[in-house]
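Just so you know, these numbers use all the heavy atoms, side chains as well, and skip hydrogens, waters and symmetry mates.
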Amino acid sequence: MAYWLMKSEPDEVSIDDALAAGSVPWFGVRNYQARNFMRDQMQLGDGVLFYHSSCAEPGIAGIAEVCSSAYPDHTQFDAASHYYDPKSTQETPCWMMVDVQAIRKTRLLSLAEMRTHAELADMLVLQKGSRLSITPVSTAEWQAVLALLDQP
DNA sequence: GCCAACGTTGGC
DNA sequence: GCCAACGTTGGC
């Protein structure tokens, strides 16, 4: 059982969208490190902090969990998609994804607030220059975030 | 829109 | 294998 923080642009897939859909395919990851986390390390039932990025108020917006193993991201084959990758073929897909089940929406734990909590200071998403859209979260960090989400 | 930081590409 | 140039991310 592991924990992850996964960034999504709410204009594309918000926590509300994910809750309405039940589960969402985490398409569009085009970074090898993030892909490898999904392909090699994620397990069914892993906990996910659903993070809104590239928006007015970036931060953790909900809780989710991994609900599939990794499989090819179909958008890499779609020439009309923003995520099309001409190097990928059906036989040798480059990009993988998992499905994520939204569990609940939480209060927004903003990036600015996250930076004020010493117990979160080591979270990878807070490190200078960090841009990775999927990062592992330690058990202690997971528990600290959940505790903060339960506070007003 | 700006820009710092990082990742990828491609010439050599 | 090096590294400069370019592209992308993402907060502000």
Colleague: Taking ring pair (Phe, Tyr, Trp, His ring centres under 6.0 Å) as the cut-off, I'd like each qualifying pair that reaches into residues 10-29 of chain A, sequence neighbours left out, listed once.
Modeller: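 For residues 10-29 of chain A: A:W26-A:F50, A:F27-A:Y83.
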Colleague: Sequence neighbours excluded and cut-off under 3.5 Å, please list the side-chain donor-acceptor pairs for residues 143-152 of chain A, or say none.
Modeller:
none

Colleague: Can you name the side-chain hydrogen bond (donor to acceptor under 3.5 Å, both in side chains) partners of A:D78, sequence neighbours left out?
Modeller: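 In terms of side-chain hydrogen bond (donor to acceptor under 3.5 Å, both in side chains), with neighbours along the sequence ignored, A:D78 is linked to no residue.
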Colleague: With A:E9, which residues qualify under salt bridge (charged side-chain N to carboxylate O under 4.0 Å, His left out), at least two apart?
Modeller: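 Salt bridge (charged side-chain N to carboxylate O under 4.0 Å, His left out) list for A:E9, sorted by chain: empty.
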Colleague: Tabulated below should be each protein N or O lying under 3.5 Å from an N or O of nucleotides 7-11 of chain B; please produce it.
Modeller:
from: B:dG7; atom 1: O4'; to: A:R131; atom 2: NH2; distance (Å): 3.1

Colleague: Which pairs would a plain distance check flag for residues 52-71 of chain A, meaning a side-chain donor or acceptor within less than 3.5 Å of a matching protein atom at least two apart in sequence or in another chain?
Modeller:
from: A:H52; atom 1: NE2; to: A:I15; atom 2: N; distance (Å): 3.0
from: A:S68; atom 1: OG; to: A:D99; atom 2: N; distance (Å): 2.8
from: A:Y71; atom 1: OH; to: A:D99; atom 2: OD1; distance (Å): 2.4

Colleague: Less than 4.0 angstrom between a side-chain N/O of A:K128 and OP1 or OP2 of B:dA4, yes or no?
Modeller: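 Negative; the distance criterion is not met.
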